[in-house]
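Everything quoted here is computed from the prediction, not taken from an experiment.
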Amino acid sequence: MAAGWGLYQAAAALRAVTPRPRGRLPAACLRPLVCRKASSSSPQADERQIHLTDSCVQRLLEITEGSEFLRLQVEGGGCSGFQYKFSLDTVINPDDRVFEQGGARVVVDSDSLAFVNGAQVDFSQELIRSSFQVLNNPQAQQGCSCGSSFSVKL
């Protein structure tokens with residue numbers, strides 16, 4: 001419970017210093033619960049985004065069936081304070097944001113999105129392991145060597 005409270009407090013602190021978008025939302029974001037990558041290169045169109053690499057899209061298309069998607073969550077813990085958690089899911093909650101590319105979907109809840117906004121989700125395959133990873137997270141100050149935990153910029 002303490003780790004959850006810490007995540008809540010950190011999310012509230014991050015929301016307090018994160019500028020809110022002004023003006024109209026991109027047309028792609030007007031449909032409920034679905035926000036696809038905007039085609040515009042303006043900073044406002046890219047404000048609440050997760051980017052998927054080609055290897056991530058390819059792997060998701062191989063392993064998901066029907067209505068399954070990859071859920072990305074941020075939890076308190078790990079060696080740097082926060083950790084990424086990936087799972088396959090079929091239920092979209094009211095506070096979820098859906099990012100779709102090439103038929104592959106990644107879903108992030110609103111609290112977790114504050115910690116990974118602007119990051120890239122990749123699938124890496126090495127000799128000793130294969131995994132989904134968060135790369136180039138602009139909200140992370142530093143991370144651990146395995147890439148599964150990070151500390152946030154405040």
If you look only at distance, which donor and acceptor atoms sit under 3.5 Å apart when one is on a side chain in residues 64-72 and the other is two or more places apart or in another chain?
unit_1	atom_1	unit_2	atom_2	d
Thr64	OG1	Leu60	O	2.6
Glu68	OE1	Glu65	N	3.0
Arg71	NE	Asp89	OD2	2.8
Arg71	NH1	Asp96	OD1	3.2
Arg71	NH1	Asp96	OD2	3.3
Arg71	NH2	Asp89	OD2	3.3
Arg71	NH2	Val91	O	2.8
Arg71	NH2	Asp96	OD2	2.9

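Side-chain contact of Asp122 with Gln133: a donor-acceptor pair under 3.5 Å is absent, judged by distance alone.
In this view, Asp109 and Ser112 satisfy the side chain to side chain donor-acceptor pair (under 3.5 Å) rule, not counting sequence neighbours. Considering only residues two or more places apart in sequence or on other chains, Gln73 meets the side chain to side chain donor-acceptor pair (under 3.5 Å) condition with none of them. For Ser87, there are no side chain to side chain donor-acceptor pair (under 3.5 Å) partners two or more places apart in sequence or in a different chain.
For the pair Asp54 and Gln101, the minimum side-chain heavy-atom distance is below 4.5 Å. For the pair Phe123 and Ser130, the minimum side-chain heavy-atom distance is below 4.5 Å. A 4.5 Å side-chain heavy-atom check between Tyr84 and Val116 finds at least one atom pair inside the cut-off.
Transitive grouping of hydrophobic side chains (ILVMFWY, heavy atoms separated by less than 4.5 Å) keeps Phe132 and Leu135 in distinct clusters.
Residue Ala104 comes nearest to Leu61 through the heavy atom pair N-CD2, 3.9 Å, listed as atom of the first residue, atom of the second, then distance. Closest approach of Ala119 and Pro138 over heavy atoms only: N-CD, 3.7 Å.
Rounding to the nearest 0.5 Å places CG of Asn117 at 9.0 Å from CG of Asn137. Between the CD atom in Gln125 and the OG atom in Ser55 there is a gap of 9.5 Å [rounded to 0.5 Å]. Atoms CG and CD, from Leu52 and Gln58 in turn, are 13.5 Å apart once rounded to the nearest 0.5 Å.
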Let me see the working for Val107 and Arg97 under side-chain contact (heavy atoms from CB on, under 4.5 Å), right down to the final yes or no.
-> CA-CA 6 Å; Val107 174; Arg97 292 282 304 271; over 6 Å; no
Would you check, one step at a time, whether the test side-chain contact (heavy atoms from CB on, under 4.5 Å) holds for His51 with Phe99?
-> CA-CA 8 Å; His51 307 282; Phe99 300 95; over 6 Å; no
Chi angles and distances behind the salt bridge (Lys or Arg N to Asp or Glu O under 4.0 Å) call for Glu100, Arg105 = CA-CA 4 Å; Glu100 184 172 359; Arg105 295 183 302 163; 5.6 Å; no
